[in-house]
Amino acid sequence: MKNELVIVLDFGGQYNQLIARRVRECGVYCEVRSYKTPLSEIKELQPKGIIFTGGPNSVYDPASPHIGKEIFEFGIPILGICYGAQLMAYALGGTVETCKVSEYGKTETFYDKSGAIFGAVSELPDRAVSWMSHTDYVAKVPEGFRITAHTKDCPAAGFENADKKLYAVQFHPEVNHTQHGIIIIDSFVHNICGCKSEWNMKNYAKTAIEQVREKVGNGKVLLALSGGVDSSVACALLSKAVGDQLTCVFVDHGFMRKNEGDEVEAAFKDWNVNFIRVDASERFISRLEGVSDPETKRKTIGEEFIRVFEAEAKKIGKVDFLVQGTIYPDVIESGTGDAAVIKSHHNVGGLPACVDFKEIIEPLRMLFKDEVRNLGTELGLPDYLVWRQPFPGPGLAIRIIGEITREKLDILRDADLIFREEIANAHLEREIGQYFAVLTNNRSVGVMGDGRTYDYTLALRAVTTSDFMTADFARIPYEVLEKASVRIVNEVKNINRICYDITSKPPATIEWE
Ligand code: XMP
């Protein structure tokens, strides 16, 4: 079955992924494409609708991203958001100018409910708050357009030419702060574009399983399983599709959290897949002896991982397909490509082409993280696997600052487990995106009983985030922090001081290394 498609044309806006996610939340499949995509290619994809994103530029700057005017003649409904709205107005003969008063943040917006897009939303009141972020505005809409919304300082906060199926909003309906924003998007994709709500993980699972079966035939499939959400869901899908032809290799590098290796093994033994656990901890720990530089740690672990994995693949014999757990944000981000390297990610999905196989299968390539989780549930994976917080490929090795020793690994495992237990006791697991302990390389003086101690400082890190690209430190209640702190200092040897990390990302990152 071919999905009905809405295309988000990216003009450099920071919310491109968010718009696509919102459209999918409305039950409609959506892909993000660059504004540079040839118009002929867009036409061939036969989208039911197109959404132009915002962007940081001014349309009258000749270097700003533009698009061929023919797109407005395709007869495909278009919704322009922020820069996208200005671009539409400018291209069709309207006027765009620098705002007399820039708008940023929550802004009272007045809607004309006789317009096609807002009129179809019965829940939308005549006035509501929208989220604005602009320094240019549409001073005059093009001929044939009518204004459908305004604010105190923005005369054309919404405009449309319903005959030509062209719609625009200066505000950001995709951002949660815009009241009824999601229903405005819903109105566009359903009422204007005429999409049905067929995009859901039940349908996806069915189609993906059929596609994998067709591709694999009788071939052998290999999957590097980390126990993280993506590789676990990929495993569940592949095992439903090809059963015994699949072998999962779990390389235990010795930097897993407390009991984690056993838990992963137990879960997949239950799942009835060919599962190989390779205990390579000795090998990894000895390769990292004396290494304290974060990038060297990451690269060493990445390389070593591939060697171990390759050796296992050879033992299994001629493998035809390798499964990678690539997800859609990776695909979108690799499309831009010139960001600075902050950290070399080691991802079990990111295996290079050095294993002897015919083809790569990426069954989650078009899914956002929340969709991957829904798919996992749909496929019958237990909640504790589906709702796992992300865990970096190099594991605890990058949560021990400085040189790694077995003793430090044990300290960190015990402390981290207590922190996780206290977060679970306070029922905060689903609210906090990621939470863990970091063993710093710092020692300080303390007093325990009547004696002096000189022990490690542990840092606790917890963040709220929707995309892991930006994050805020979690406002954990003091009582929960206190419980964790008291327990850790009492129950874990060699820790006498605990700090809570109160930096956001940026300027910090989520992990410490
Ligand atoms: P940072 O520390 O860059 O982390 O803010 C962002 C998210 O990525 C995870 N992370 C990794 N995941 N391999 C992974 O699969 C890695 O090498 C890696 N390094 C960081 C991190 O836990 C957070 O969720």
Between [X] and [Y], does at least one N-O distance fall below 4.0 Å, as a salt bridge requires?
X    : Y    : value
D416 : K258 : no
R21  : D370 : yes
R22  : E25  : yes
K315 : E312 : yes

Residues I185, F188; criterion side chain to side chain contact (heavy atoms under 4.5 Å, CB included); working and verdict: CA-CA 5 Å; I185 293 177; F188 176 69; 5.6 Å; no
Considering all heavy atoms, the nearest G433-T465 contact: CA-CG2, 4.4 Å
For the student: nearest non-hydrogen atoms of G54 and C82, plus distance: CA-CB, 4.0 Å
Geometric cation-pi criterion R24 and Y328, 6.0 Å radius, 45° cone: yes
Contacts of type side chain to side chain donor-acceptor pair (under 3.5 Å), residue [X], not counting sequence neighbours:
X    : answer
W131 : none
E123 : none
S485 : none

All side chain to side chain contact (heavy atoms under 4.5 Å, CB included) counterparts of I502, not counting sequence neighbours: F473, Y500
Test salt bridge (charged side-chain N to carboxylate O under 4.0 Å, His left out) applied to E429 - qualifying residues, sequence neighbours left out: none
Side chain to side chain contact (heavy atoms under 4.5 Å, CB included) evaluation trace for L375 with Y204: CA-CA 8 Å; L375 178 62; Y204 181 85; 3.9 Å; yes
Residues T326 and R365: side-chain donor-acceptor under 3.5 angstrom: no
Pairs satisfying side-chain hydrogen bond (donor to acceptor under 3.5 Å, both in side chains), at least one member in residues 232-252, at least two apart: S239-W271, D252-R277
Test item: P329 and F368 side chains (from C-beta on) under 4.5 Å apart, heavy atoms: yes
